[in-house]
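Shown next, in structure tokens, is the structure this report addresses.
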Amino acid sequence: MSQQMGQPMVILGDDAQRVKDRDAQSHNIAAARAVSEAVRSTLGPKGMDKMLVSSMGDVTVTNDGVTILQEMDIDNPTAEMIIEVAETQEDEAGDGTTTAVAIAGELLKKAEDLIEQDIHPTAVIRGFNMASEQARAEIDEISTGVDTTDEELLRKVAETSMTGKGAELNKELLSQLIVDAVGAVTVESDDGENIVDLDYVNIETQTGSSAGASELLDGAVISKDPVHPDMPSDVEDADILLIDEPVEVDEADVDTQLSVDSPDQLQQFLDKEEAQLKEKVEQIVDSGANVVFCQKGIDDMAQHYLAKEGILAARRVKKSDIGFLKELTGARIVSNLDTANEADLGSASIRRDDDDELFYVEGDNEASHGVTLLLRGSTEHVADELERGLTDALDVVSQTVADGRVLAGGGAIEVELASRLRDYADSVSGREQLAVEAFADSIELIPRVLAENAGIDPIDTLVDLRSAHEDGDANAGLNVFGGDIEDTFEGGVVEPAHAKEQALASASEAANLVLKIDDIISAGDLSTEGEEDGGPGGAPGGMGGMGGMGGMGGAM
């Protein structure tokens, strides 16, 4: 409302909802913390999995933070802001999504305590910014430089990322595959920096075998059959044509009806269609191709003509596979066969594995360095979770090679940072000092949760960790398998520095964004979808956090 000439003026509609000041902050903090707590139990090697059931009944079993948050049916604008933290972390660092979201939730919890002590949110925000900047500077000082040719250390980085994601039993084999894959697509730039191009790494999954049967293959793996039994299955020095248009009869853009008076007229139509298909095949032959990978369909008649010409063809190849073949073979993707020519062709050697029903495509181009991780799992759920785990490990190892810095894991870096931030807080004047101390307390959530998820007393663990760090052991972390405090860097628990920096930056920025909001106004339901009523926290209408948390039920 606005006051004018002593009379109140209503500027909001009848259906508008508004929550102000402390109520708005409490509502936003509660929603953000709900997201954080939903994934906290997945953190670490001993973290638990979540079963996510979609509205279509599809089941996903995972402990990958960003996958859980993306699949959950969340219906609250503040909660979605926290999900963006996980997505940003995944895009920038490849791993550490659960860490980023958990720290963001803990920062908001500590901030709420400070606000209740009449410390203004602006002071809290300034303190968090100062602490975040200082923490990232300390990470750079604490981190250890990596020799990118040190395969043993890179394997430890990969194993740390994969542990707890369904790959423990075969982590030695899989970590070696990861390191070999990253090495195959790493090039040195003119200024001496390492560039890892993961576009040249393709991941394929196959069910029916154990993860120990996974392998790294030069080139691409295409899980398709030849479209005709008379086609060749192996082609050396193949000239490959990639097509993203159907090799079928052109259809009219609108529905049409034709009347025929005699069988001869019908035959004319059929002959015309056959001539059309024959012309398309002739265009493929004229281009010089002897192998065709088509993203769309191939008509039965065209299949027959292609087989007669001795051309190997596969249809309905995935768009991602077509893109990878383009990078691998040097071919251009053809959208119109009328323009296809020899310049569009790529070169490779192709062989068929009838047992696994796969094509192996190995590039002949010297500049080509594409590889495929063929991951095998006993069931589809196992293979999918293995793929998520190895995708994260690929990103983490590539970041390590590019960035060149690593840290001790197992909560070691968080306890060391917290100790240094408390020392730094002594030099900060004003109420921001309390916010810096709250930031230090918040990042110690990570070792506490690691201990909780491993069934170890979190308070005793934190006390022992602090004691070890006060004695000068900056790499002292928690061994979640034995419950001991040890030098986790020597124990092989190694994390990339870039991922930790990104997690702290994302968490603090998200927390500050939520804290800066003191007024929520909506023309109707404050949820992001639908018009559901009610919810926790005493907020009106659809402000009940996350659709009454109904959508999150499948993840708990």
Side-chain angles (χ1 to χ4, degrees), residues 88-97 99-100 103 132-163 171-172 174-201 216 369-371 373 389-417 420-421 443 446 473-477 487-508:
T88 301
Q89 180 72 17
E90 182 77 7
D91 292 341
E92 294 296 324
D95 200 7
T97 53
T99 297
I103 291 176
S132 175
E133 186 174 338
Q134 181 67 22
R136 282 177 282 165
E138 296 288 357
I139 286 174
D140 189 53
E141 183 179 327
I142 298 168
S143 63
T144 302
V146 178
D147 181 355
T148 54
T149 62
D150 187 350
E151 286 197 3
E152 183 180 355
L153 184 59
L154 293 178
R155 282 200 306 272
K156 290 178 180 178
V157 173
E159 287 179 13
T160 302
S161 176
M162 288 189 294
T163 304
K171 65 181 182 181
E172 291 184 4
L174 296 174
S175 63
Q176 185 64 55
L177 295 182
I178 291 291
V179 172
D180 291 344
V182 171
V185 297
T186 300
V187 295
E188 189 172 312
S189 63
D190 295 337
D191 56 5
E193 291 186 359
N194 290 310
I195 298 175
V196 184
D197 192 350
L198 292 182
D199 288 340
Y200 285 93
V201 178
L216 180 68
H369 52 271
V371 294
L373 273 169
L390 263 71
T391 300
D392 286 350
L394 265 176
D395 290 335
V396 164
V397 173
S398 66
Q399 285 286 350
T400 303
V401 170
D403 182 64
R405 297 173 301 151
V406 291
L407 301 162
I413 180 62
E414 285 81 9
V415 176
E416 181 66 20
L417 282 178
R420 296 190 179 202
L421 285 176
I443 60 178
I446 301 304
D473 188 357
N475 290 338
D487 186 326
T488 50
F489 195 93
E490 292 296 326
V493 184
V494 186
E495 299 179 349
H498 174 75
K500 198 65 68 176
E501 286 177 343
Q502 182 64 40
L504 292 177
S506 299
S508 61

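Computed from a predicted model, the values in this text were never measured in an experiment.
The two atoms that bring Ala181 and Val201 nearest to each other are O-CG2, 4.1 Å, heavy atoms only. Closest non-hydrogen pair, Ala497 versus Ser143, comes out as CB-CB, 4.1 Å. In plain terms, the two heavy atoms of Gly389 and Met162 that are nearest each other are O-CG, 4.1 Å. Residues Ala135 and Leu417 share a closest heavy-atom pair of O-CD2, 3.6 Å. In terms of heavy-atom proximity, Ala408 sits nearest to Asn475 at CB-OD1, 3.6 Å. Taking both residues in full, the closest heavy atoms of Ser132 and Ala505 are given as OG-CA, 4.0 Å, listed atom of the first, atom of the second, then distance.
Thr488 places a side-chain N or O within 3.5 Å of a backbone atom of Gly409 that can act as its donor or acceptor partner. Of the possible donor and acceptor atoms, one in the side chain of Thr160 sits under 3.5 Å from a partner among the backbone N and O of Gly492. Although no hydrogens or angles enter the test, the distance criterion places no donor-acceptor pair under 3.5 Å between the side chain of His498 and the main chain of Gly404.
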| message | Could you walk me through whether Val494 and Leu153 satisfy the side chain to side chain contact (heavy atoms under 4.5 Å, CB included) test, starting with their C-alpha distance in whole Å, then the side-chain angles of each, then the deciding distance to 0.1 Å, before giving a yes or no? | response | CA-CA 8 Å; Val494 186; Leu153 184 59; 4.1 Å; yes

| said: If you apply the rule side chain to side chain contact (heavy atoms under 4.5 Å, CB included), what do you find for Leu504 with Ile139, and how did you get there? | reply: CA-CA 10 Å; Leu504 292 177; Ile139 286 174; 3.7 Å; yes

| task | Please lay out, stage by stage, how Asp95 and Ser161 fare under the test side-chain hydrogen bond (donor to acceptor under 3.5 Å, both in side chains). | result | CA-CA 7 Å; Asp95 200 7; Ser161 176; 3.0 Å; yes

| Gln176 vs Asp180, side-chain hydrogen bond (donor to acceptor under 3.5 Å, both in side chains): CA-CA, chis, key distance, verdict | CA-CA 6 Å; Gln176 185 64 55; Asp180 291 344; 2.9 Å; yes

| task | Take Val146 and Arg405 through the test side chain to side chain contact (heavy atoms under 4.5 Å, CB included) and record every step on the way to the result. | result | CA-CA 6 Å; Val146 178; Arg405 297 173 301 151; 5.7 Å; no

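The distance from the CG atom of Leu216 to the CG atom of Leu373 is 5.0 Å, given to the nearest 0.5 Å. Atom CD of Glu152 sits about 12.0 Å away from atom CG of Asp147, to the nearest 0.5 Å. A distance of 12.5 Å separates CG of Asp473 from CZ of Phe489, quoted to the nearest 0.5 Å. Within the model, atoms CD1 of Ile178 and NZ of Lys171 stand 14.5 Å from one another, a figure rounded to the nearest 0.5 Å.
Contact check on Arg420 versus Glu416 returns a salt bridge, with a Lys/Arg side-chain nitrogen under 4.0 Å from an Asp/Glu carboxylate oxygen. Using a cutoff of 4.0 Å between basic side-chain nitrogens and carboxylate oxygens, Arg136 and Glu141 are not scored as salt-bridged.
The closest side-chain heavy-atom distance from Val406 to Glu495 is not below 4.5 Å. Taking 4.5 Å as the limit, every side-chain heavy atom of Val415 sits out of range of all side-chain heavy atoms of Ile446. No side-chain heavy atom of Asp150 sits less than 4.5 Å from a side-chain heavy atom of Leu154. When side chains are defined from C-beta on, Asp197 does not count as touching Val187, because their heavy atoms never get closer than 4.5 Å. Counting only heavy atoms from C-beta outward, the side chains of Val157 and Val179 never approach each other to under 4.5 Å. With contacts defined as side-chain heavy-atom distances shorter than 4.5 Å, the pair Val182/Val401 qualifies. Here the side chains of Leu390 and Leu177 are not in contact, with every heavy-atom distance at 4.5 Å or above.
Every side chain to side chain donor-acceptor pair (under 3.5 Å) that Glu414 has, sequence neighbours left out, goes to Lys500.
Side chains of Gln502 and Ser506: a donor on one and an acceptor on the other come within 3.5 Å.
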